[in-house]
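Written out below as structure tokens is the structure these notes cover.
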4 protein chains.
Amino acid sequence: METIDASTANQLRSFIERLERLEEDKAIISQDIKEVFAEAKATGFDTKIMKTVLKIRKMDEQKRLEAEAILETYCHALGIDSVSDISKSLQKAA
Amino acid sequence: METIDASTANQLRSFIERLERLEEDKAIISQDIKEVFAEAKATGFDTKIMKTVLKIRKMDEQKRLEAEAILETYCHALGIDSVSDISKSLQKAA
Amino acid sequence: METIDASTANQLRSFIERLERLEEDKAIISQDIKEVFAEAKATGFDTKIMKTVLKIRKMDEQKRLEAEAILETYCHALGIDSVSDISKSLQKAA
Amino acid sequence: METIDASTANQLRSFIERLERLEEDKAIISQDIKEVFAEAKATGFDTKIMKTVLKIRKMDEQKRLEAEAILETYCHALGIDSVSDISKSLQKAA
DNA sequence: CACTGGAAAATGCCGC
DNA sequence: GCGGCATTTTCCAGTG
């Protein structure tokens, strides 16, 4: 069986620890989210409806991103480097 | 249909925005985790094994927590307020 | 719209019925589990603790399986077909 | 701390083992269900649609049961012991 | 590159 | 009626 040198072991340990720290941060945020929902509920809001609202807003955001992606494709096809170039043009025009 | 006054609407908006910010933070961390795995993989580590290692370490932690939960339940059943009370008793005894 | 021939429809019906029977069996077992908990509770046991005990026992089993999975992965990486091959080698050596 | 006599310990062990056996049976059925879905998929059916079909049929069944519950309530209110009494009457009539 | 298996997230349910 | 938990659904990396 292959031996693992100390350096490699330390690298691995480092990766594992970084991951565990990130997972922990993520867990904390998940907890924060739950607390915000709890607070909203205590204030009298219906969390189920709130979740639906969030979902719809996310879908809208997604739609916007997809629209931008299409725009980006068109820009590329038309030889315009990026959307920001259009912004600049528009600002100049204004 | 009931009308919603401006104040309530603002409260709701505030909750929604806080939640969206938290969701975004969480998404960033998820992305970070993926990148660490990618880096580890590029360094030559087997991510599958790494995930299993993380899982086992998490299970150890989880098991410890479950055991503590049982202890807590017993303490409650026996009229001892908390585990720390036991610690105190033991310290006195020592 | 595509038409569905009778044979296909019967096949589908057969699958659906098999699934519904299995779901029903599963529901019966879930009910049995509830009843055992109820009986234990009536006998004076704390179901919460029982659930925790079951969880820990399950985790032990799971941990064992995870560890075996890692071993299996190493074996594979080292060109050893299976754990039983190791057993054989060890038996010869003994 | 209270001591637990052997008899109680055996009772507990018995409950735990019964539960573990039931959990195992349940897991087997869950596995069977997955296999039926896999088979249906291999036959060319869309499992997602099948799941929707099952859900709708379940809702229908639920509706039927609720209707029966209402009927049962009426029967009770009218001094008829059970639905089966109605069945008998109908069978006689036929 | 479609598929499968497993992890993460969302939903629904049950007990308190 | 609520929190907590189990189940379900969804997503994604890995694989043939």
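Chain naming here is simple, since letters A, B, ... match the order of the sequence lines and numbering starts at 1 in each. Please read all numbers here as calculations on a predicted model, not as lab measurements. Heavy-atom basis, side chains included; hydrogens, waters and symmetry copies ignored.
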To the nearest angstrom, the CD1-P distance between C:Ile49 and E:dC16 comes to 14 Å
By nearest-heavy-atom nucleotide on DNA chain E, the more 5' of B:Lys58 and A:Lys48 is B:Lys58
Nearest heavy-atom approach of B:Met50 to A:Ile16 is O-CD1, 4.2 Å
Note: for A:Ala38 and D:Glu23 on DNA chain F, the residue whose nearest nucleotide lies more 5' is A:Ala38
Looking at D:Lys55, does any N or O in its side chain come under 4.0 Å of the phosphate oxygens OP1/OP2 on F:dT9? yes
Atom NZ of C:Lys51 and atom C1' of F:dG3 are separated, to the nearest Å, by 13 Å
Separation of E:dG15 atom P from C:Gln31 atom CD, nearest Å, is 9 Å
Here the distance between atom P of F:dA6 and atom CD1 of D:Ile29, to the nearest Å, is 19 Å
For E:dC16, does either OP1 or OP2 sit under 4.0 Å from a side-chain N or O belonging to C:Lys41? yes
* To do: Kindly say if A:Lys26 contacts the phosphate of E:dA7, meaning a side-chain N or O under 4.0 Å from OP1 or OP2.
  => no
Of all heavy-atom pairs linking D:Thr47 and D:Phe37, the shortest is CG2-O, 3.6 Å
5'-most contact on DNA chain E (nearest-nucleotide basis), C:Thr47 vs A:Ser30, goes to A:Ser30
What is the nucleic acid contact for D:Lys34, judged by heavy atoms within less than 4.0 Å: base, sugar-phosphate only, or nothing?
nothing
Taken to the nearest whole Å, CE/B:Met50 to C1'/E:dA7 is 16 Å
Can you find a pair of side-chain heavy atoms, one from B:Arg18 and one from A:Ile33, that are under 4.5 Å apart?
no
Nearest heavy-atom contact between C:Leu54 and D:Leu19 is CD1-CD1, 3.8 Å
D:Asp46 CG to E:dC3 C1', in whole Å, measures 14 Å
note: A:Ile33, atom CD1; E:dA10, atom C1'; distance rounded to Å ~ 13 Å
- Would you say C:Ser14's side chain and C:Asn10's backbone share a donor-acceptor pair under 3.5 angstrom? no
